[in-house]
Protein chains: 2
Amino acid sequence: MARRSGAATIAEVAKAAGVSPATVSRVMNDRFVGDPAVAERVRAVAADLSYSPSHFARSLALGQTKAIAFIVPDLANPAFQAVLSGLSKAAGRDGYRVLVADSSENPDEEPLLAREVRRRCDAIVLCAPRMSDEELSEIAGSLEPLVLINRTGSGDAVPSLAIDYRAGIRSLAEHLHSLGHRHLVYVEGPERSVSNRYRRDGLEEFERDTPGARVTRVAGGATTDDGIAAAPRVRETGATAALAFNDLVAIGLLNGLVDLGVEVPAEISVTGFDDIPFARFTTPPLTTASVPHPELGTQAWQRLLAVIRGEDPEPDLVLQPHVEIRSSTARPEHSA
Amino acid sequence: MARRSGAATIAEVAKAAGVSPATVSRVMNDRFVGDPAVAERVRAVAADLSYSPSHFARSLALGQTKAIAFIVPDLANPAFQAVLSGLSKAAGRDGYRVLVADSSENPDEEPLLAREVRRRCDAIVLCAPRMSDEELSEIAGSLEPLVLINRTGSGDAVPSLAIDYRAGIRSLAEHLHSLGHRHLVYVEGPERSVSNRYRRDGLEEFERDTPGARVTRVAGGATTDDGIAAAPRVRETGATAALAFNDLVAIGLLNGLVDLGVEVPAEISVTGFDDIPFARFTTPPLTTASVPHPELGTQAWQRLLAVIRGEDPEPDLVLQPHVEIRSSTARPEHSA
DNA sequence: GAGCGATAGGAAAGCGCTTTCTCGTACTCG
DNA sequence: CGAGTACGAGAAAGCGCTTTCCTATCGCTC
């Protein structure tokens, strides 16, 4: 038995207005066709009692909530916020709200988080780079309607949207190579991150296809602090250019290098990934690869809505990053 | 009538296990005291059908959701994220989830947003700097349990937590004054923002109490872009130091000034507010005033939980910002 | 003026779960 | 060995809302 939360119920409104709950419901949902005076009375009473229908009860009766969930690995990363913003705007236009959940607190419980959050709404957009493929395909079924971000073809027929990290980082590496860099160092993302794997693949391709080029790898992470911590390791490699897992890491790295007395880009060039708004404001401004993140959100919504409606979603999309050249990259010193 | 979402219901589990729904419910909630074999069977069947209880139905029956909402004016601002992070951790420890809503899309509908979101959960933490006092006290009642952030004593007995922007910005101004600056310029926050008013108050106090000091005001906003746009206006004032509404604006301003060829801090000192993580990484690193934001979230949860439980919350708290001196502030040129 | 269709609005079932009440069974104790 | 107790588990009500019937009333036509 619920402790009454003080809010008026439909029954109370009905009684006060001298009509049946059914009528109140109809009036509230603009499905009422009878005497306008009755509707008016109901509305007045409802306003008077400041009645507003209970969400749970509605959801229960209707079987839908008009809400979707968005799970991100780290809400503090502006790149995900940009996706969220696009998603939330798009969903809002169709009358849907989005619930945000951040799995950074405990990544291990991501599947649980997803499941739990999913049950509070009609569908879910999942961005879970650290979840294993097995875990993913295991829970995918129980999460539908579902759209995946940055996880391509998990075998299942789940619509997905991805950024081509592989191609993006390769372009970045090629940019550095064209400047004259031969020894690059990649500051890795989180151990279990799938998108880190894509980047590694891209770099391996680059290395293979580019005679004379070499890519060393050092441990990193996904945050500015990880970037700072990686600075000494980067310097030790002797590489003339560093590719960071993302902009956050790059920013940390930039500062870590400065603290070590290393000049960027004179001694070491640095690149990021994502082109977060702050990337323009670093010193020197960060060369990075970007993708229109809000677009990712919009596209995700299109597909999710289709799935919700039982229609066929548009085909999967793999967005190609665009290299944004700024001044954190330059020719290596000795080659000048 | 709900369209069945494919998920198993308690009735199905009950039937499959040859028991009553009541028993299933009890087993699922660890309230079962009977034959362990029965419990085991129920659990097995539940697992088999991958049953998980419907949230709405539970909420409806229980009258509670174990979720709270957090409304922020702008999720892109790292300061609010820090609050969110503290809140979410604290609430999580008590088994509560937090739903995040960002009102930046359309600030005018903040009251509606709050109301709607509130009905999806048990309580709400509201950070609505742009809502008018009237609007606020108008809806406060319908939002309870409620904790307010950065809105002190709205007359009503709503627990609140605030940052002392007035004192904080005053300290910043005094820091600049002590460096020798006499003409300061304040880059205003959003027009209707209450926290902007506090800052203005602080600066007026400073001006009144500090003979020879002068504070000009120019239009600004709350984002980096607003900061960039304010740069020419700042320069025109001829002030030797600029206090920005927050760090985001300060960062924009820093860059806007550089673009205009103005050197910081040589020609103009700049300060921010909030000490977001990026503040350390600007060039020059930003002098700012800070408050432990996650702590704000934790404190908010303490109070909210008390209110939810019908207990008396701890008294309101006004956190005192600490001035973080970095190198975006220095003695004015001619005084050197 | 009788018979018909249309229409306004109520009764009731059902969404899935929790929980009180109740009943039947298996004990225990005198 | 019978009465009383304890305990396991089911029946049913209720959370607040929507929606499908369904009935009663009205207005019309011939």
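Proteins get letters first, then strands, A, B, ... in listed order; numbering begins at 1 in each. As the structure is a computational prediction, the values presented were derived from the model and not from experiment.
Whole-Å rounding puts the A:Arg31 CZ to C:dG9 C1' distance at 16 Å. Spacing between atom CD1 of B:Ile10 and atom P of C:dG16 amounts to 11 Å, rounded to whole angstrom units.
Within the 4.0 Å cut-off from OP1 or OP2 of D:dG16, not a single side-chain nitrogen or oxygen of A:Ser54 is found. Between A:Thr9 and D:dG16 there is no side-chain polar atom (N or O) within less than 4.0 angstrom of OP1 or OP2.
Residue-level contact check: A:Val33 touches the backbone only, with heavy atoms under 4.0 Å from sugar-phosphate atoms and none from bases. Residue contacts for A:Thr23: at a heavy-atom cut-off of 4.0 Å it reaches the sugar-phosphate backbone alone, with no base atom in range. Nucleic acid contact class of A:Phe56 (heavy atoms, under 4.0 Å, all strands): none.
Over its length, the helix from C:dG1-D:dC30 to C:dG30-D:dC1 turns its helix axis by 50°, as judged from the five terminal pairs at each end, rounded to 10°.
Although no hydrogens or angles enter the test, the distance criterion places no donor-acceptor pair under 3.5 Å between the side chain of A:Ser25 and the main chain of A:Pro21. Not one N or O on the side chain of A:Gln299 forms a donor-acceptor pair closer than 3.5 Å with the backbone of A:Leu296.
Atom CZ of B:Arg192 and atom CG of B:Asp108 lie 5.0 Å apart (nearest 0.5 Å). Atom-to-atom distance recorded for A:Leu99:CG and B:Arg97:CZ is 10.5 Å, nearest 0.5 angstrom. Put simply, OG on A:Ser52 and CD1 on A:Ile10 are 11.5 Å apart, with the number rounded to the nearest 0.5 Å.
For a distance-only test at 3.5 Å, the side chain of A:Arg26 fails to qualify as a donor-acceptor partner of the base of C:dT7.
Of the N and O atoms on the side chains of B:Asn150 and B:Ser195, not one donor lies less than 3.5 Å from an acceptor on the other residue.
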